[in-house]
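These notes are about the structure you will find just below.
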Amino acid sequence: MQEQPFLQKILKIVTNIYFLTGVTFLIWMLFFDSNSVMSNYKKNQKIEDLKLEEAYYQNQILEIEENMNELSSSAKQLEKFAREKYMFKKKGEDIYLIEE
């Protein structure tokens, strides 16, 4: 007999217009709004990925600057770089590529 009043209280709460409005608003904000929890999570993930990418490119920039400084300081280093990277050769030389 005690279950009946409990179920009636639950039914009364669930059918309350304010409760329905609140639940609808909560569902809308969680899933459908442009600033929803899901879209914010995706945006935060994208920000983290971009930060990692930024760090990678910062390291690449430093490496390239070091190479530029090294190459501009010595003609011998510049010649070595051109031969290894771009397979430049002097007249009369033959280039043989050995792959490991």
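Heads up: numbering here begins at 1 and tracks the sequence.
With a 4.5 Å cut-off on side-chain heavy atoms, Lys90 and Glu79 count as touching. The closest side-chain heavy-atom distance from Met29 to Leu26 is not below 4.5 Å. Within the 4.5 Å cutoff, no side-chain heavy atoms of Leu11 are placed close to those of Leu7.
Residues Phe81 and Leu71 come closest through the heavy atom pair CB-CD2, 3.4 Å. Of all the heavy atoms in Ser39 and Ser34, the pair that sits closest is OG-O, 3.1 Å. Minimum interatomic distance between Asn35 and Asn40 (heavy atoms only, all atoms of both residues): O-ND2, 3.4 Å.
Between the OH atom in Tyr18 and the CD1 atom in Ile13 there is a gap of 15.5 Å [rounded to 0.5 Å]. Met38 contributes atom CE, which lies 13.5 Å from atom CG of Asp33 (distance to the nearest 0.5 angstrom). A distance of 12.5 Å separates CG of Leu30 from CH2 of Trp28, quoted to the nearest 0.5 Å. How far OH of Tyr56 is from CD1 of Ile61: 11.0 Å, rounded to the nearest 0.5 Å. The line from CG of Leu52 to CD1 of Ile47 is 12.5 Å long, rounded to the nearest 0.5 Å. Rounded to the nearest 0.5 angstrom, Glu66 CD and Glu63 CD are separated by 7.0 Å.
No chain of hydrophobic side-chain contacts below 4.5 Å, direct or via other Ile, Leu, Val, Met, Phe, Trp or Tyr residues, connects Leu78 to Met87. Transitive grouping of hydrophobic side chains (ILVMFWY, heavy atoms separated by less than 4.5 Å) brings Val23 and Val14 into a common cluster.
Judged purely by atom type and a 3.5 angstrom limit, Ser36 has no side-chain atom pairing as donor or acceptor with the backbone of Phe32.
For the pair Glu70 and Lys80, the salt-bridge criterion is not met [side-chain N within less than 4.0 Å of a carboxylate O]. A salt bridge links Glu93 with Arg83: at least one charged nitrogen is closer than 4.0 Å to a carboxylate oxygen.
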